[in-house]
Amino acid sequence: YLDAMRPGLCIATMLAAGVLQAQVFRAPATGLPDTIPFTLSAANDLLVRAVLNGQDPLTLMFHSGVEGLSLTDAGREKAPSFRTSGSMDVGSWGGSAEVEAASDQTLTIGDRTWTALDVHVGRHSAVGSDGKFGHDLFAGQVVEVDFDRQVLVVHDRMPDDVTGYQALTIERQGSSLLLKCVLTVAEERMEQPVMLHTGYHGALILGTEALEAHGLAGRLDTLGVEVLTDAQGNELRNLRTRIPEFQLGEATFHDVPASTMDARSNFPMSVLGNEITRRFNWLLDLEQDVLYLRPNRNFDAPWPAHE
């Protein structure tokens with residue numbers, strides 16, 4: 001499963017009664033950290049329990065590559081309180097579409113409740129989920145992602161103890177959170193921004209921009225095809241390959257499974273997926289735009305055989 005907003009499309013736009021409304025989320029401050037258990041699925045997706053409109057229990061994926069809140073068609077069927085009242089223009093990797101949407105919705109995750117939310121309908125989300133929510137629900141706060149304990153801990157300020165963490169600066173481009181990394185590809189060492197993407201189960205995707213800028217098309221070994229589907233049902237056929245070396249801050253990985261983005265995609269960015277990010281525990285500071293990473297017990301895990 002793969003999903004992302006178009007670069008430059010920071011948030012979805014509600015079209016209701018001819019009026020365009022831009023929505024920005026900010027999580028309510030509680031003064032205390034809020035611990036939210038998650039399940040790490042077989043496909044490396046972070047799934048949490050949530051309640052829509054105070055009555056409908058759902059399972060949602062935490063997706064660091066998007067903003068907003070969406071339900072699948074199946075998720076909508078599980079939520080009788082959800083009734084669409086307009087439409088929303090949503091971008092995905094294979095194209096854009098106008099989809100059904102509802103305004104003035106309420107979401108509860110852990111001890112935090114958001115009100116007056118716009119929620120749109122997407123055809124696909126992670127297996128086992130009823131939809132997804134983006135990082136903007138925690139705007140201005142610090143999200144701790146602890147893969148060892150399988151919990152999200154939402155802090156209103158940075159914890160005092162960051163021993164063992166390395167700090168990586170985040171650059172925002174639209175709804176995307178980008179990190180700088182260094183790759184060795186086809187005997188060329190290059191610095192490359194990658195999008196932090198908990199909605200992608202694999203390790204890396206080389207975006208169309210990187211392939212064109214570095215003349216890599218046709219220079220990489222092809223190890224088969226990875227077929228992905230975005231939120232609107234568009235199919236992408238990425239070519240599998242291996243990257244000799246990938247460096248993220250102080251951490252270096254070798255012989256990394258990767259794929260190259262389908263040339264038909266309108267999304268140019270490279271992607272850092274959960275097969276790498278699950279090897280760290282995080283402090284995602286959405287106030288100062290810094291990602292703190294500390295290796296966890298998964299750090300030296302072998303790459304999956306199917307990759």
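As the structure is a computational prediction, the values presented were derived from the model and not from experiment.
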Supply the atom-to-atom distance [X] [atom1] to [Y] [atom2], rounded to the nearest 0.5 angstrom.
X: Leu293; Y: Ile276; atom1: CG; atom2: CD1; value: 11.0 Å
X: Gln55; Y: Thr106; atom1: CD; atom2: OG1; value: 10.5 Å
X: Asn44; Y: Thr277; atom1: CG; atom2: OG1; value: 8.0 Å
X: Thr198; Y: Lys132; atom1: OG1; atom2: NZ; value: 11.0 Å
X: Ser64; Y: Leu177; atom1: OG; atom2: CG; value: 6.5 Å
X: Cys181; Y: Met190; atom1: SG; atom2: CE; value: 8.0 Å

Donor-acceptor pair, side chain of [X] and main chain of [Y], under 3.5 angstrom:
X: Gln247; Y: Gly249; answer: yes
X: Arg294; Y: Thr163; answer: yes
X: Thr169; Y: Val290; answer: no
X: His155; Y: Met158; answer: no
X: Asn298; Y: Ala301; answer: no
X: Asp56; Y: Ser81; answer: yes

Common cluster, [X]/[Y], ILVMFWY with side-chain heavy-atom separation under 4.5 Å:
X: Tyr292; Y: Leu284; result: no
X: Phe82; Y: Ile109; result: yes
X: Leu60; Y: Trp114; result: yes
X: Leu168; Y: Trp282; result: yes
X: Phe133; Y: Val153; result: no

For salt bridge (charged side-chain N to carboxylate O under 4.0 Å, His left out), just list the numbers for Glu287 and Arg157, CA-CA rounded to whole Å, side-chain angles, deciding distance to a tenth of an Å, and then say yes or no.
CA-CA 9 Å; Glu287 177 69 30; Arg157 64 180 183 85; over 6 Å; no
Just checking, Arg240 and Trp303: is the charged tip under 6.0 Å from the six-membered ring centre and within 45° of the axis?
no
With side-chain contact (heavy atoms from CB on, under 4.5 Å) as the test, would you mind laying out the steps for Leu178 and Met269 before giving the verdict?
CA-CA 9 Å; Leu178 304 182; Met269 295 179 186; 3.6 Å; yes
State, to 0.1 Å, how close [X] and [Y] come at their nearest heavy-atom pair, and which atoms those are.
X: Asp34; Y: Asp111; answer: OD2-N, 2.9 Å
X: Gly75; Y: Thr72; answer: N-OG1, 2.9 Å
X: Ser41; Y: Leu47; answer: CB-CD1, 4.2 Å
X: Gly164; Y: Pro295; answer: O-CD, 4.4 Å
X: Ala43; Y: His201; answer: O-CB, 2.8 Å
X: Ala203; Y: Pro257; answer: CB-O, 3.3 Å

If only side-chain N and O atoms count, and only distance matters, is there a donor-acceptor pair under 3.5 Å linking [Y] with [X]?
X: Asp45; Y: Asn274; result: no
X: Gln141; Y: Arg112; result: yes
X: Glu144; Y: Asn281; result: no
X: Thr113; Y: Thr108; result: yes
X: Asp118; Y: Ser103; result: no

Let's go through Val271 and Leu196 carefully: what are the C-alpha distance in whole Å and the side-chain angles of both, what is the deciding distance for side-chain contact (heavy atoms from CB on, under 4.5 Å) to 0.1 Å, and is it a yes or a no?
CA-CA 7 Å; Val271 167; Leu196 184 66; over 6 Å; no
Side-chain touch [X]/[Y], heavy atoms, less than 4.5 angstrom:
X: Pro159; Y: Leu283; answer: yes
X: Phe62; Y: Ser129; answer: no
X: Asn53; Y: Gln105; answer: yes
X: Val51; Y: Leu107; answer: no
X: Val48; Y: Thr59; answer: no
X: Lys78; Y: Leu58; answer: yes
X: Arg242; Y: Val256; answer: no
X: Thr35; Y: Leu152; answer: no

Is the His135-His63 ring centre distance short of 6.0 angstrom?
no
Would you call [X] and [Y] a salt bridge, using N to O less than 4.0 angstrom?
X: Asp289; Y: Arg172; result: yes
X: Lys180; Y: Glu171; result: no
X: Glu100; Y: Arg76; result: yes

Could you check whether the rings of Phe299 and Phe280 sit parallel, tilted or perpendicular, using 30° and 60° as the cut-offs?
perpendicular
Would you check, one step at a time, whether the test side-chain contact (heavy atoms from CB on, under 4.5 Å) holds for Leu52 with Leu71?
CA-CA 10 Å; Leu52 187 69; Leu71 300 182; 3.9 Å; yes
Go through the steps for Leu206 and Ile243 under the test side-chain contact (heavy atoms from CB on, under 4.5 Å), then give the verdict.
CA-CA 10 Å; Leu206 294 179; Ile243 301 300; 4.0 Å; yes
Under 6.0 Å from the CD atom of Gln166, do we count more than 12 heavy atoms belonging to anything else shown?
yes
